[in-house]
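Everything below concerns the one structure shown next.
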Amino acid sequence: MSGERYNPREMEPRWQKVWADRQSFVTRNDDPREPYYVLEMFPYPSGRIHMGHVRNYTLGDVVARFQRAKGKNVLHPMGWDAFGLPAENAALERKLNPGAWTRQNIAAMKKQLQSMGLSIDWTREISTCEPDYYRHQQSMFIDMLEAGLITRKKSKVNWDPVDMTVLANEQVIDGRGWRSGVPVEQRELTQWFFKISEYAEDLLSALDGLTEWPDKVRTMQRNWIGKSEGLRLRFELVDSPLHASNIEVFTTRPDTIFGASFIALSPDHPLTTALAADNPALSEFVAECRRMGTATQAIETAEKRGYKTPLMVKHPAVEGAVLPVYVANFVLMDYGTGAIFGCPAHDQRDLDFARKYDLAVKPVVLPPGADAASFAVDDIAYTDTGTIFHSGFLDGLSIEDAKKAAAAHFAARSVDGQPQGQIEVNYRLRDWGLSRQRYWGAPIPMIHCEVCGTIPVPKKDLPVVLPEDVSFDKPGNALDHHPSWKHVQCPQCGAPAQRETDTMDTFVDSSWYFARFTAPHADTPTIPAIANRWLPVDQYIGGVEHAILHLLYSRFFTRAMKATGHVGLEEPFKGMFTQGMVTHETYKSEDGRWLSPEEVRFETLEGQRQAFEIGSDSLVRIGPVEKISKSKRNGTDPDDILKVYGADAARWFILSDSPPERDVEWTEAGVEGASRFQQRIWRLVSDTVELTARSAGTARMAADAEATALRKIVHRAVHNVAADIDGLRFNRAVAQIYELTNALIRSAGLVTASPGARLAALEEGVTCLVQLIAPMMPHLAETCWSVLGKHELVADVLWPAVDPALLVDDEVTLPIQINGKRRSEITVAKGLPSAEVEQRVLSLDEIIRILDGKAAKKIVVVPDRIVNVVV
RNA sequence: GCGGGCGUGGUGGAAUGGUAGACACACCGGACUUAAAAUCCGGAGGGAGUAUUCCCGUGCGGGUUCGAGUCCCGCCGCCCGCACCA
C-alpha cells in the first residue's frame with residue numbers, strides 16, 4: 001500500500017459523490033446546535049469560474065468546514081447573481097437568448113464549483129433571474145413603496161442617441177458610447193429611487209458597531225456617505241429680479257465670511273436657468289459646462305471658469321458691501337444648495353477662480369506666529385488652523401469658536417422672514433436610483449394608468465414575469481418593444497394601461513439574497529423568525545471592489561426590510577472579510593504578443609530562470625506580476641488546474657502562500673509543491689497504518705519522554721491551527737500543519753525501533769493531522785480517514801479535543817542577552833523565581849567569560865521569557 | 001488634494017515590545033538510480049575567520065526603553081480608494 005501514490009483525480013469525485021449522497025452539507029433550520037452562517041459573495045454566471053472564485057470559495061469553505069467541526073449548525077449556501085448586462089450583450093453579439101445563455105452558464109459553473117469539493121448546501125441554491133426569487137423582490141418593492149421608502153423623481157442619465165439606450169457610467173468612454181462611439185447625451189428621465197439618503201446618519205453611525213469589518217471598508221463607506229456639518233446662509237439680492245430675493249449657500253466655513261469676495265451658482269441652479277432664459281451668452285456657457293461634465297476624467301485638470309451675472313448680493317456681515325454673483329463650472333447642483341460663497345484666501349478653488357477673474361483675496365485666518373500686518377495669500381490658499389482677524393465680531397477667535405459665533409450671529413438675524421443662517425448637515429450620499437432601461441432584470445411591478453396614475457401591481461398578480469420571447473433586432477429596451485407584454489388593464493379602473501418597462505438595478509437583487517438563503521423556498525420573501533435566527537451573516541467574504549455599493553445597499557436594504565417587517569435586524573453582516581486578488585506573471589513574445597502560461601515553458605540556465613514559447617522556442621520576456629486579466633492573458637483556467645493537480649492541491653496552495661487579505665501570486669511551482677505535500681501526508685498515513693498492523697499484539701508501554709514530546713507538538717498544533725483558522729490566518733495555519741507533518745514524519749522513522757507508547761502517540765498525531773487538513777484538503781482527509789480505519793466521515797467528526805496539560809511546558813529555555821544582544825541561553829524550570837534565574841545566569845561559565853570580571857549593573861528577568869544583563 | 005494601507009533574505013511571508021527571517025517556493029550540495037523523474041538527507045541574510053566566535057542587518061534619520069521589525073516624531077518610496085462635496 002505504501003508504494004501507491006495518492007490519486008486525486010480518482011478520489012475527489014468519489015468523495016464528492018459520498019457527500020452528496022449522504023447530504024452531508026444539507027442544513028436544517030430546526031437543528032438545535034448553535035447556528036453559524038458563512039457566506040461568500042455569489043458569482044455572476046459569466047460561464048466559467050476564475051481564480052478569484054477559487055480563492056473566495058476556498059476561504060469560505062475552510063471556515064464552513066471548520067465551524068462544522070466545532071459543532072455548529074453551519075449555513076453555507078450558494079446562488080447566482082444572474083441578471084445583468086452581459087446576458088444582453090451575448091444576445092446582441094451572438095444572437096443568444098439571455099435566459100438560455102444565463103442558465104447554461106449556471107449549469108457549467110455549478111459543475112466547476114462542485115469539482116472544488118465545496119461544502120455547500122445546494123438544496124438552497126437560488127438564482128436571481130428566476131421568478132421564484134424576484135417575485136419576492138417585487139413584493140418587497142411594493143411594501144417599501146407603501147412604507148414611503150421609495151420615491152419617483154427626475155434624474156439625469158447617460159443616453160446613447162444611436163443605440164437609443166441608457167448607458168452605465170462605465171459604458172461611457174471619453175464621453176462616447178462604448179458600442180456606438182457617438183457622443184453621449186445627458187437626458188432627464190423619471191426614475192424610481194430608494195430613499196437611502198434618509199438613512200445616511202444611521203448608516204454612518206452604525207459603522208462604529210461593525211467591529212469585525214476591515215477598517216478600510218468602514219472608512220470607504222464613511223467617505224462615501226460624506227457627512228459635513230455647516231451653515232445654510234442666505235444672501236440678500238441687491239435687486240430682486242425673477243421672483244428671487246435671496247440666494248442660499250451652504251458652507252462649512254462660516255468663520256471665513258469676512259473674506260467672502262463672490263457668490264457662485266451651479267450651471268444647473270434654478271436661478272442660472274432663469275437668467276439664461278433671456279441671455280444667450282450665459283446659456284452658451286451653461287451648455288459648455290454640461291459638455292465638460294460628461295468627460296469625468298477632465299474634471300480634475302479642468303480650469304475654473306465662470307460667467308459674471310448682473311446680480312449682486314449684500315455682504316451679510318459688512319454693512320454696505322456687495323458681492324458679485326457668478327455662474328461657475330466647479331459648483332455642483334446636487335450637493336448643498338448648488339451655490340457657494342467664495343473665500344479665496346482660504347479655499348484653493350476659490351483662489352484659482354479669484355485670480356482668474358481678478359477678485360479680492362482677503363485673508364481672515366492668521367496662521368500661528370504670522371504677522372497680521374504683512375500676512376498675505378499668494379497662489380496657495382491657507383487652509384490650516386489659526387486665529388480669525390480682519391473679521392469684525394469674530395476677531396481673535398479660533399476657527400472652531402468663530403464657526404459657532406457666526407452660526408449664532410446669523411441665526412438671530414432674518415432674511416425674508418427666515419433665519420439668515422441655519423445649522424445644516426449635508427451628506428454626499430444620494431438616493432439610490434434603481435430604474436434601469438434594460439431588459440434583463442427584475443421588472444418593476446408598477447402600472448401606468450392615464451386615469452389612476454402610477455399604481456402598484458396587486459400582490460395577487462405577482463410575479464410580473466419577464467417575458468423570454470424577446471427580440472434584440474431594434475435598439476433600445478427589448479422589454480419596451482415586446483409586442484404584448486406591457487399592455488395591461490388597469491387593476492383599479494380596468495382601462496387600458498401600460499406596465500413599467502424599466503427593470504431593477506442588479507444591486508437590488510444582491511441586497512437581500514443572504515436573507516433569502518435562510519428560507520429559500522418560502523412563499524414569502526423571508527420567514528422572519530428563521531431569518532432572525534440565522535442573520536446577521538457571521539462571516540461574509542468577498543472582493544474589496546464591493547466595499548462600497550453592494551455592502552452599503554445591503555445595509556440599507558436590511559433596514560428597509562426591517563421597516564416592512566421582513567427581518568428584525570439592521571446590519572446584515574457581522575463579520576466582513578475582503579480577500580486580495582489572484583495575480584500571475586505576464587509573458588510577452590519577442591514580437592510583443594501576450595502569451596498565456598500554457599504557451600510558455602521554463603528552463604533554469606546557470607541559476608537564471610528563462611522562458612521560451614512552446615513551438616517556436618523563441619525567448620519570452622517574463623513581465624511583472626499582475627492581476628489576472630483576459631487582455632494580458634496571464635490567467636490559468638481553474639478547470640485545467642483541477643484536472644491536473646486536483647481540487648485539494650489548488651485549495652492548499654491558494655491558502656498557503658499569502659495572507660488572505662493580500663494579493664496572492666499563482667505559480668505552477670507553488671501548486672506542484674502543494675501536490676507533493678499531499679503525497680507526503682498520504683505516505684505518512686499509509687506508513688502509520690502499516691506500522692500499526694505490524695505491531696499488532698505488541699504490549700503498549702507507558703508513555704516515555706519521546707512520546708510525550710510528540711504529543712505536546714500535536715496538541716499545540718491542534719490548538720494553534722484552530723486559533724489561526726478562527727482568525728482567518730490561513731497561511732499561518734498551513735505553516736503550523738507543515739511543522740506538525742515534519743515532526744510526525746521524523747517520529748514515524750523512529751517508531752520502528754520501539755513501538756508501544758511512541759506508536760500510540762504517532763497514531764494520535766496522524767489522526768489529528770488528518771482532522772487539521774480536513775477543512776483545507778477535504779478529499780485527501782476523507783481518504784486518509786478511511787484508510788485509518790474510521791467508519792464515519794471526517795466531515796462529520798468534531799475537532800480534536802486539546803489536553804490543556806500538554807500545552808504547558810515544565811521547562812523553558814530563556815535567551816540571555818548582554819546589553820540587549822543575545823549571547824547565550826539557559827533552560828530552567830517554568831516559573832522559577834527571578835532571583836534564582838538571575839543567580840543561575842550569573843554562575844554560567846559562558847556568562848562569566850563574556851562579562852570578563854565586569855559587574856552587572858542591572859539584570860532584567862522577564863519570567864519565562866528572557867533575561868537581559870546590563871553591564 | 002483628502003483618506004487608508006504597506007516597505008523584513010533570491011521570492012511569498014513568520015515574529016502578545018523579548019532569540020529577526022518560522023513555514024513554504026526557488027536555489028545549491030549529497031544519497032538512491034545505467035540515467036532521469038520521484039523520494040530522502042543536508043546547506044544557505046551579508047561580511048570576517050580553520051574554528052569556538054565576532055561585526056553588520058527589518059526603506060532613511062532621530063527618539064522612548066534594560067531591550068524596537070513592532071511604540072513615538074520627521075522624511076523617502078510604493079499600492080489602493082475617493083475626488084471641483086463648498
Side-chain angles (χ1 to χ4, degrees), chain A residues 5 214-220 222-224 226-228 230-231 249-253 256 264 266 292-293 296 299-304 328-332 334-343 346-350 352-353 383 426-429 544-545 547-548 580-581 604 607-609 625 652-653 656-659 661-665 667-674 676-677 679-680 683 729 731-742 745 749 813-825 846 849 856-862 864-871:
Chain A
R5 289 174 64 75
D215 286 341
K216 179 189 172 125
V217 173
R218 291 199 286 171
T219 306
M220 284 165 75
R222 226 169 258 133
N223 293 343
W224 189 259
K227 180 179 185 174
S228 64
L231 200 64
V249 308
F250 175 71
T251 178
T252 54
R253 295 296 303 272
T256 63
S266 162
M292 282 299 290
T296 43
I299 285 176
E300 184 188 350
T301 46
E303 202 185 345
K304 308 281 173 276
N329 63 347
F330 65 93
V331 181
L332 307 173
D334 44 14
Y335 186 79
T337 62
I340 61 159
F341 82 75
C343 176
H346 306 291
D347 183 291
Q348 191 60 46
R349 289 158 307 171
D350 296 349
D352 295 344
F353 191 82
T383 53
N426 262 300
Y427 299 90
R428 212 180 69 102
L429 182 67
V544 72
E545 66 273 17
I548 299 179
M581 295 183 302
T604 305
Q608 279 281 315
R609 184 162 158 272
V625 174
W652 181 257
F653 170 64
S656 67
D657 219 42
S658 296
E661 68 278 11
R662 288 201 216 164
D663 290 353
V664 64
E665 185 193 346
T667 63
E668 291 284 303
V671 72
E672 274 166 21
R676 278 201 297 275
F677 181 61
Q679 299 298 343
R680 287 184 81 200
R683 222 163 27 242
R729 296 180 296 265
N731 58 320
R732 281 187 13 177
V734 164
Q736 299 274 359
I737 291 172
Y738 270 115
E739 283 184 82
L740 173 63
T741 307
N742 292 341
I745 288 174
T813 300
L814 308 178
I816 302 171
Q817 297 181 331
I818 310 286
N819 287 340
K821 289 194 180 190
R822 183 186 175 279
R823 284 295 127 111
S824 182
E825 61 182 36
E846 203 177 356
R849 182 180 61 79
K857 274 190 216 148
K858 184 176 172 185
I859 300 177
V860 180
V861 179
V862 183
D864 300 335
R865 286 227 75 122
I866 201 165
V867 180
N868 192 8
V869 182
V870 187
V871 291

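Under 4.0 angstrom from either OP1 or OP2 of B:A86 there lies no side-chain N or O belonging to A:Arg428. Under 4.0 angstrom from either OP1 or OP2 of B:A22 there lies no side-chain N or O belonging to A:Asn731. Residue A:Tyr738 places no side-chain N or O under 4.0 Å from the OP1 or OP2 atom of B:A24. Phosphate contact (OP1/OP2 of B:A86, side-chain N/O of A:Lys304, threshold under 4.0 Å): absent. Neither OP1 nor OP2 of B:G5 sits under 4.0 Å from any side-chain N or O of A:Lys216.
Salt-bridge formation is detected for the pair A:Asp215/A:Arg218: a Lys NZ or Arg NE/NH1/NH2 atom is positioned less than 4.0 Å from an Asp or Glu carboxylate oxygen.
When atom types are taken as modelled, the side chain of A:Asp663 and the backbone of A:Met581 share a donor-acceptor pair closer than 3.5 angstrom.
Distance check on atom C1': B:A44 versus B:C23 gives 16 Å, rounded to whole Å. Going from the P atom of B:C60 to that of B:G69 covers 11 Å, rounded to whole Å. The separation of B:G7 from B:C75, taken at their C1' atoms, amounts to 14 Å, rounded to a whole angstrom.
Among residues two or more places apart in sequence or in another chain, the ring pair (Phe, Tyr, Trp, His ring centres under 6.0 Å) test is passed with A:Phe353 by A:Phe262, A:Tyr326, A:Phe330, A:Tyr357. With sequence neighbours left out, A:Thr741 forms a side-chain contact (heavy atoms from CB on, under 4.5 Å) with A:Phe677, A:Ile681, A:Leu684, A:Ile737, A:Ile745, A:Leu769. Residues passing the side-chain contact (heavy atoms from CB on, under 4.5 Å) test with A:Glu545, sequence neighbours excluded: none.
Test A:Thr256, A:Asp347, A:Asp350 against A:Phe341 for side chain to side chain contact (heavy atoms under 4.5 Å, CB included) and you get one pass: A:Thr256.
Base orientation of B:G9: syn, the glycosidic angle falling within 90° of 0.
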Polar-atom pairs under 3.5 Å, protein N or O versus N or O of nucleotides 10-12 of chain B: list them with distances, or write none.
unit_1	atom_1	unit_2	atom_2	d
B:G12	O2'	A:Asp657	O	2.6
B:G12	O2'	A:Ser658	OG	2.8

If you restrict it to nitrogen or oxygen atoms, what contacts under 3.5 Å exist between nucleotides 36-44 of chain B and the protein, and what is each distance?
unit_1	atom_1	unit_2	atom_2	d
B:U39	O3'	A:Arg683	NH2	3.2
B:C40	OP1	A:Arg683	NH2	3.3

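Remark: RNA chain B forms stems of 3 or more consecutive Watson-Crick or G-U wobble pairs, all pair distances under 3.5 Å, at B:1-7 with B:76-82, B:10-12 with B:23-25, B:27-31 with B:39-43, B:45-48 with B:53-56, B:59-63 with B:71-75.
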